[in-house]
Asks: 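Pasting a structure here, questions to come.
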2 protein chains.
Amino acid sequence: MPVSIEDVARKANVSISTVSRVLNRRNLVNARTRQRVERAIKQLHYRPNIFARGLMLQKSEMVGLVLPDLHGEFYSEIIRGANQEARELGYNLVISSAKDSDDTQSLLEGIQQRSFLDGVAIMVSEVTGGMQELLVDFAVPFVVLDGKVDGAMHDSVVIDQGEGARAMMRHLVNTCGMQRVFFVGGLRTNVDTIARLEAHQQVLSEAGIEHGPLDIYHLDYEYDTAYALATDNIHDWAGPNRCVFAANDEMASGIVDAAAAAGVAIPDDLGVVGFDDTRVARITRPPLTTVRVPMFRMGAEAIRLLCARVADPMCHPTAISLHPQLVIRKSCKCELDA
Amino acid sequence: MPVSIEDVARKANVSISTVSRVLNRRNLVNARTRQRVERAIKQLHYRPNIFARGLMLQKSEMVGLVLPDLHGEFYSEIIRGANQEARELGYNLVISSAKDSDDTQSLLEGIQQRSFLDGVAIMVSEVTGGMQELLVDFAVPFVVLDGKVDGAMHDSVVIDQGEGARAMMRHLVNTCGMQRVFFVGGLRTNVDTIARLEAHQQVLSEAGIEHGPLDIYHLDYEYDTAYALATDNIHDWAGPNRCVFAANDEMASGIVDAAAAAGVAIPDDLGVVGFDDTRVARITRPPLTTVRVPMFRMGAEAIRLLCARVADPMCHPTAISLHPQLVIRKSCKCELDA
DNA sequence: TTGAAAGCGCTAACAA
DNA sequence: TTGTTAGCGCTTTCAA
């Protein structure tokens, strides 16, 4: 049923090598012969078998993108960026996502196992021991998004989380005059949360503002849990020159809505700021002051780096650092509007 | 460098067929031999070459998901559903997206060309002539999400758009007592928009409410353009027993925010309802009355159908219809709360 | 400029 | 239960 290179050769009255040449190195073939072959290809609707091809060439022209989760705009922007870049470079993009890090690990094991990808871009929200071990001698070329794997040589695209979080904290403390900043993060082990919390602590210390562990909460990046937490605590939090720094916009939005439901005015009674600058930040009332993370670009750069490495597996590892940007809106009680 | 089945055979002192059997039909091999082979496999870190395998089996165990766009939660839920189902069925999922229908078409041509996918789930936001022609004799098994391609035999998973839109319209007219309902849709050619508009017209006619083409707007499903449109028209729209039916939540949210900015109270001066029940609907103030579309399930069902067809290409085409659900919140001025 | 032929690594039919 | 062997469809020397 499927038409093979041999059928084309027969139809065009040439050998299969000639057909192959027309396909891959057209200039080595006489123009008239080439035309004949091309006509045969068209007439027979011939399509090279990708497996046979891969078997010879040992490459699939496919690269993967492994994400910890697919929820929300944050990831879809990464995907869009990666997708665009991959198509531009002539690669197909295979996207997979996992529920948690165990799942991510088994996914990566599967990829290594089947090794049908020329390379893979990996985003790990937390690097577990097993994951680290796996990646240290991973058989497939890879780049890491927004993270680093100790002991493994790899390219990476990171967001300078600290820079963004410090910019936010300094804005809150210096410009808005906040005297107490609660922190609502994701899981304790999440790398982004860790970086953001570090900035929180550092800036408070620098400013000589007392702060204790009781002002720190760890949730799961979700609107609902943040809403619930805020409902329980909103009256304790509220007060002049007080603010909540949530580690993403979703949670910030949940807190804002819980405040509204409890009659606490944002930002007058309490400031609430987020992180990521997703659409949620703009739609929340009041719109959230947040930190814009170049997600689309992160996806695109990751694929660019990855394809470069696939082309030259021995090239020196590159680390690209992308800079977040403070976006000031209406939820932090300062006079600036951006 | 790469270790092949032959290396394993040598190491385990068996023939390559025995190794192959251990890999594929373990029970045909003597237990002791099997252990020896398995140990060799482990020691050598052997992984079967997927191309050689595909060359024999003519299948890749990969299925594709082609989406018109990757923007927003709507698509990410489909992806999540598809991803979960694919992994459950032992398939890898390849996701691609295109900017417009020309782009979708070239993507599909590429898939057919390279034919490395066992099957593909396709979501077309508008079926152009070229697309239809392409799909009528598409070489790769496929199922269509939320649409239908005339002349082509295919499985499909559709959302009963009409049912959802009619439920919404009847609610607006019968329960909320709306006397005039503006319609803000996506592109004129978009299949969802067409179905929703049809319901709009039908219910108004049934209720004996006059309605003209001037009450119908076609935008692009985006927050910003809806915001702009609403800013220009909000005072004309506002009035007792009037309502805007936007074809998605994003646009509804833009209209609500524009109204707030213009001092028009929602829902008192104007009702605004959306479609899809994305997170935006809940976060908008007031929260949007909308229609929940089972996106996750649509993705999962599509992959289920697809894999069934891959397993048995001759099986009878199935059409699954998924039912949307009216979600009543605070933006439509009725006494019901859900 | 073209063709013949040797694999790439695997599965499966057939033989032992 | 195991081994031998013939391809799967392609690219790529090497020879003509």
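The structure presented is a predicted model; accordingly, all values stated were derived computationally and were not measured. Proteins come first, then strands; the chains are lettered A, B, ... in the order of their sequence lines, and each starts at number 1.
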Asks: Please round to 10 degrees the angle between the axis of the first five pairs and the axis of the last five pairs in the helix from C:dT1-D:dA16 to C:dA16-D:dT1.
Replies: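 Here the local axes at opposite ends form an angle of 40°.
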
Asks: For C:dG9, does either OP1 or OP2 sit under 4.0 Å from a side-chain N or O belonging to B:S4?
Replies: no

Asks: B:L55 or B:S17: which one's nearest nucleotide on DNA chain D is closer to the 5' end?
Replies: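 The residue mapped nearer the 5' terminus is B:S17.
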
Asks: Looking at A:R21 and C:dG3, is any side-chain donor or acceptor paired with a base atom of the opposite kind under 3.5 Å?
Replies: yes

Asks: If you draw a 6.0 Å radius around CZ in B:R297, do more than 12 non-hydrogen atoms from other residues or ligands fall strictly inside?
Replies: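 No.
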
Asks: Could you tell me how far apart A:F51 (CZ) and C:dT11 (P) are, to the nearest whole angstrom?
Replies: 13 Å

Asks: In whole angstroms, how far is the P atom of C:dC8 from the CG atom of B:D7?
Replies: 11 Å

Asks: Which parts of residues 56-64 of chain A get close to DNA chain C, meaning a heavy atom less than 4.0 angstrom away?
Replies: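 The answer is A:M56, A:Q58.
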
Asks: Within the structure, does a side-chain N or O atom of A:T33 lie under 4.0 Å from either OP1 or OP2 of C:dT2?
Replies: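 Yes, because at least one side-chain N or O of A:T33 sits under 4.0 Å from OP1 or OP2 of C:dT2.
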
Asks: How close or far is atom P of C:dG3 from atom CZ of A:R10, stated in whole angstroms?
Replies: 14 Å

Asks: Strictly below 4.0 Å: does A:T18 bring a side-chain N or O up to OP1 or OP2 of C:dT1?
Replies: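 False: A:T18 side-chain N/O out of range (4.0 Å or more) of C:dT1 OP1/OP2.
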
Asks: Is the phosphate of D:dT4, meaning OP1 or OP2, less than 4.0 Å from a side-chain N or O of B:S15?
Replies: no

Asks: Measure the distance from CG on A:N49 to C1' on C:dC10 and round it to the nearest whole Å.
Replies: 13 Å

Asks: Do A:R53 and A:N24 pair up side chain to side chain, a donor and an acceptor below 3.5 Å, judged on atom types alone?
Replies: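 Yes, A:N24 and A:R53 have a side-chain donor paired with an acceptor closer than 3.5 Å.
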
Asks: List for me each residue that meets side-chain hydrogen bond (donor to acceptor under 3.5 Å, both in side chains) alongside B:R47, sequence neighbours excluded, and say none if there are none.
Replies: none

